[in-house]
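These values consider heavy atoms only, across backbone and side chains, with no hydrogens, waters or symmetry-generated copies. Below, chains carry the letters A, B, ... as their sequence lines are ordered, and counting in each starts from 1.
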Amino acid sequence: MPPIVDTTKVVVGNGIGFYQPYVPASPPTLPLASAPFLDPSSANIYAATPSPNWASPWLPFGATEAGLSFEVQRTTQDQTIEESSNPIATYATASQVQIVVSFAEDDFERMKLAYGGGTISTTAAATGVPGFRTLTLAEGIDVVSIGFEARNAKGQWRRCLIPQMVATGNVQTPYRRAANNRVYPVTFRAISPLSSITLTEWNAAALP
Amino acid sequence: MTSRREPQVLTEPGAPPPIEEQPQQPDDGQVVYAVTSGTDVFDSGIEGLDPITIAGTAVPADKADELKASAKHNDITIRKVG
């Protein structure tokens with residue numbers, strides 16, 4: 001019989017987020033269950049060639065202002081009858097699954113992701129002329145797949161996959177002298193069915 | 001007041017990408033290179049070369065080394081896809 005209180009299941013630790021463009025013909029998949037735990041507190045995440053890592057086409061969120069937040073929200077409607085003071089049933093009228101994150105790396109890739117789309121064009125350097133890059137915003141919102149990894153209560157990996165998300169929210173970036181680094185806060189909202197969103201975690205060591 | 005709604009272009013799941021995203025078909029003596037990271041479109045400035053896209057762009061084979069050197073100098077990763 002398990003203990004009434006199990007403090008080993010009280011867990012802290014940030015998540016490491018990844019994204020990739022959503023391509024219907026090749027739906028995203030999580031790393032294999034045999035893939036090692038990508039420990040968010042290890043020096044590995046700062047390595048030039050991290051190993052373990054989520055393989056291409058996954059791309060990392062990079063540094064964040066305050067980790068990421070995985071949110072599941074339900075809006076419900078109570079069904080009531082006169083004979084009962086409390087509802088006799090409650091149904092979901094709306095559901096939201098969101099990833100809230102504030103990117104702390106200031107580059108075009110993060111801006112494009114936070115703004116919901118656009119095109120990055122690079123013009124090569126030429127003799128006497130430096131190369132330059134241009135981010136052109138777009139009317140449409142790109143659909144991206146998002147996954148993240150964090151420590152579970154057994155000290156191993158927990159991985160989440162949300163196949164289709166779109167960037168929403170209000171991206172406000174402070175351009176301050178010293179009070180704030182530049183950040184790109186964004187809320188990704190799931191547009192794929194709830195049944196397509198999965199959380200998977202390590203449970204037991206492999207047998208010899 | 002009424003507002004005019006722009007027509008939407010919908011794509012069926014699993015449908016091939018729009019025409020503008022289709023990789024170029026190489027002619028004889030050409031190879032196709034695609035951008036893999038660092039940008040969406042890479043304009044190498046090499047005479048006679050179209051910008052290299054994520055979908056892939058046909059490049060004369062004799063320009064490939066010059067293109068690869070330019071991509072490396074500009075922190076762009078490209079790869080041969082056809």
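Interface remark: A:Ala126 contributes no atoms to any contact with chain B (heavy atom separation under 4.5 Å).
A distance of 10.5 Å separates CG in B:Asn74 from CZ in A:Phe132, rounded to the nearest 0.5 Å. Atom CG of residue B:Asp40 and atom OG of residue A:Ser121 lie 7.0 Å apart, to the nearest 0.5 angstrom. Expressed to the nearest 0.5 Å, how far OG1 of B:Thr39 lies from CD of A:Glu109 amounts to 7.5 Å.
Within a 6.0 Å radius of CD in A:Gln79, other residues, nucleotides and ligands contribute more than 12 heavy atoms. Few gaps surround OH on A:Tyr175; more than 12 heavy atoms of other groups in view lie less than 6.0 Å from it. The local environment of CD in A:Gln73 is crowded, with over 12 non-hydrogen atoms from other residues, nucleotides or ligands closer than 6.0 Å.
What you find for B:Ser70 and A:Ala124 is that their closest heavy atoms are OG-CB, 3.5 Å.
Contact of the A:Thr122 side chain with the B:Val41 side chain is not registered, since no non-hydrogen atoms from C-beta on lie closer than 4.5 Å.
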